[in-house]
Amino acid sequence: MVRTSTMVLNGNLTVQMNQTILQNRKQRKNGHVNGEKRTNFPAAKGVSCRQYSPESFEQAPMYVAVLTYLGFGIVTLFGYFRDFLRAVGLEKCHLAQEREEQKEFVPMYQDFENFYTRNLYMRVRDNWNRPICSLPGPAFDLMERVSDDYNWTFRLTGKTIENVINMGSYNYLGFAENNEDFLKTVADKTLQYGVGVCSSRQEVGNLSSHEELERLVADFLGVESAMTFGMGFATNSMNIPALVSKGCLILSDELNHTSLILGARLSGATIRVFKHNNMHSLEKMLRDAVCSGQPRTHRPWRKILIMVEGIYSMEGSVARLPEIVALKKKYKAYLYLDEAHSIGAVGPTGRGVTELFRLNPADVDVMMGTFTKSFGAAGGYIAGNKELVNYLRSHSHSAVYATAMCPPVVEQIIRAMKCIMGVDGNTVGIQRIRQLAENTRYFRSRLKEMGFIIYGNDSSPVVPILLYMPGKVVAFSRAMLARKIGVVVVGFPATPITEARARFCLSAAHTRAMLDKVLHHLNEVGDDLCLKFSRRKISPRPVLFNETDFELDS
């Protein structure tokens, strides 16, 4: 990567962006757009601003933050107090202590982590790792369990909670199904090849199905070439070290997934984190990197790699891809786009955020995605130009050493992708994409009408509902399960301490009746637990919404 000099600005792009900036500044004078803080992406070349869906990160009332901190404080103080009483022999209940058989082992946690796990997490552990015993479609069956030792262990009662509406799985297009007609080719492939390859592709594990899938992925994404891997997490963590190394710079969004973070750390490259979706922060780091070079030596960076996600799985926000691409071109950097949650889920034909913003896929240097969400299977892919893919085939640990993807999974991805593309002769795929978009708009709009604070982009099927207080998080999850609705709740340390939430994932398989039932119970639980905090105030996190006030090269 060499330092760049001033480049000639594209006149049309500059005019479009200046007009957008003036419009945004007029809106910011009032601080609201239709009663809610919104962000519109500036126009990229050939893209109208009307194509961008707004995002909102609404502020909760001040008392909510105060009560949240107070709740954590009270639980923590009582935990320390009870530990003290146990130490002096006054507390007879020892369920919150570490097991006797564990004390001889090397501690797995630091002191406070150990305390947090025993006194806070163990109290609410029943809300996670719930075992299911059916297909994880729009509804599933749960195995009932109870605990006799403070949630350290669970035992099954033998009973089943049937027909629980599934609002937590990433089954965006409903391909996690057991339709006999749809799965016939998968069954045939299992009979022909078995369920495992037992070898890497560079030895004797390369099947014609693998090559067919890679050609299909490249055609679907509109790029020159693609390669697939058996695990989505390893697609990031094992390929990033093959792309960058010592002497390179990675600019990573602060909300990137753990697989991206792990891959960046394993690479040995220098890592700098920019504010989530904040183009000011990203450009400042790019400018400093180009002007100052590497620390101490000030030599130019060998490569500068920007890493972002298409849809952020905890926030529901969409990457500001047109601006990121413009910055990438201006500073001669490379762009790594993780579309684990966006491929198949957004865009008129399900081709992800590049299609959503009508961008040329060639503008993204490394396109990564997984088959675990929209395609109802497993594994991931890396796509781009032929030179990139051929390099990874011989340098990626995941490509050289990992066992090849099993044939039934390959066939499931092929049949799902062909269905989306319509090459199988029907319109089921495009109908599912439209149904997902319709479900997303309907669900988000109803939640806003009810008064819940939700995060993210209006096009995102990931819908976080903010719960804030630790006690309400637990009560919400248990109350929803009692109404036969399965939800995923997330709190500290997986989220900021004041932003605990429930994350809903919409699916094309959800019927309107299912969504109405969920919304009905959400309305009741929201009233019972006082979870409707929305006042349509300005976000306390303005770094997410600063409109771009600089000019970008085309």
Can you measure from CG (L266) to CD1 (I261) and round to the nearest 0.5 angstrom?
12.0 Å
Short question: side chain of D141, backbone of N163 - any donor-acceptor pair under 3.5 Å?
yes
Exceeds 12 heavy-atom contacts within 6.0 angstrom, atom CZ of R145
yes
Closest approach of L506 and L515, non-hydrogen atoms and distance?
CD1-CD2, 3.7 Å
Would you check if L388 and D365 make a side-chain contact, meaning some heavy-atom pair closer than 4.5 Å?
no
Measure the spacing between OG1 of T354 and CG of N360 and express it to the nearest 0.5 Å.
9.0 Å
Would you check if there is a donor-acceptor pair between the side chains of Q202 and N206 at a distance under 3.5 Å?
no
Do L142 and L481 have side chains that get closer than 4.5 Å, going by heavy atoms?
yes
Please confirm whether the backbone N or O of F175 pairs with a side-chain atom of N171, one donor and one acceptor, at under 3.5 Å?
yes
Got V473 and V124 here, is their nearest side-chain heavy-atom distance under 4.5 Å?
no
Side chain of N277, backbone of V318: donor and acceptor closer than 3.5 Å?
yes
Side chain H510, main chain N166, donor-acceptor under 3.5 Å
yes
Hey, is CZ on R512 packed in by over 12 heavy atoms from elsewhere, all under 6.0 Å?
yes
Do S245 and R302 come close enough that some side-chain heavy atom pair is under 4.5 Å?
yes
Which pairs with one or both residues in residues 416-429 pass side-chain hydrogen bond (donor to acceptor under 3.5 Å, both in side chains), sequence neighbours excluded?
E212-K418, D424-N426, T427-Q431
R501 charged N/C atom sitting above Y455 aromatic ring, 6.0 Å / 45°
no
In this structure, are over 12 heavy atoms from other groups packed under 6.0 Å from M143 atom CE?
no
Under 3.5 Å donor-acceptor pairs involving side-chain atoms of residues 181-196, not counting sequence neighbours:
unit_1, atom_1, unit_2, atom_2, d
K184, NZ, D188, OD2, 3.1
T185, OG1, E411, OE2, 3.3
T190, OG1, V186, O, 2.9

Rounded to the nearest 0.5 Å, what's the gap from CG on L249 to CD on Q294? Could you check?
9.0 Å
So how far is it from R272 CZ to S281 OG, rounded to the nearest 0.5 Å?
11.5 Å
Are any side-chain N or O atoms of E339 and backbone N or O atoms of G310, one a donor and one an acceptor, separated by less than 3.5 Å?
no
Check N239, N236, N256 against Y336 for a side chain to side chain donor-acceptor pair (under 3.5 Å) and give me the one that passes.
N236
Given 3.5 Å as the limit, does a donor-acceptor pair link the side chain of R503 with the main chain of M314, or not?
no
Out of curiosity, E309 CD to D338 CG, how far, rounded to the nearest 0.5 Å?
5.0 Å
Taking the six-membered ring where the residue is Trp, are the ring centres of Y121 and Y116 under 6.0 Å apart?
no
So, R415 and E177, do they make that salt bridge, N to O below 4.0 Å?
yes
Does any N or O in the side chain of S394 come within less than 3.5 Å of the main-chain N or O of Y391, such that one atom is a donor and the other an acceptor?
yes
Under 3.5 Å donor-acceptor, Q412 side chain and F375 backbone
yes
Is the closest basic N to carboxylate O distance between D363 and K328 below 4.0 Å?
no
Are N390 and R393 close enough that some pair of their side-chain heavy atoms sits under 4.5 Å apart?
yes
Which class fits the ring pair F443 and F504: parallel under 30°, tilted 30 to 60°, perpendicular over 60°?
tilted
Does some side-chain heavy atom of L221 sit less than 4.5 Å from a side-chain heavy atom of I343?
yes
Strictly distance-based, threshold 3.5 Å: is any side-chain N or O of S507 a donor or acceptor partner for the main-chain N or O of P138?
no
Please say which of L251, L321, L305 ends up in a side chain to side chain contact (heavy atoms under 4.5 Å, CB included) with L335.
L321
Euclidean distance, T495 OG1 relative to L255 CG, rounded to 0.5 Å:
11.0 Å
Judged by atom type as modelled, is there a donor-acceptor pair below 3.5 Å linking the side chain of E214 to the main-chain atoms of T228?
yes
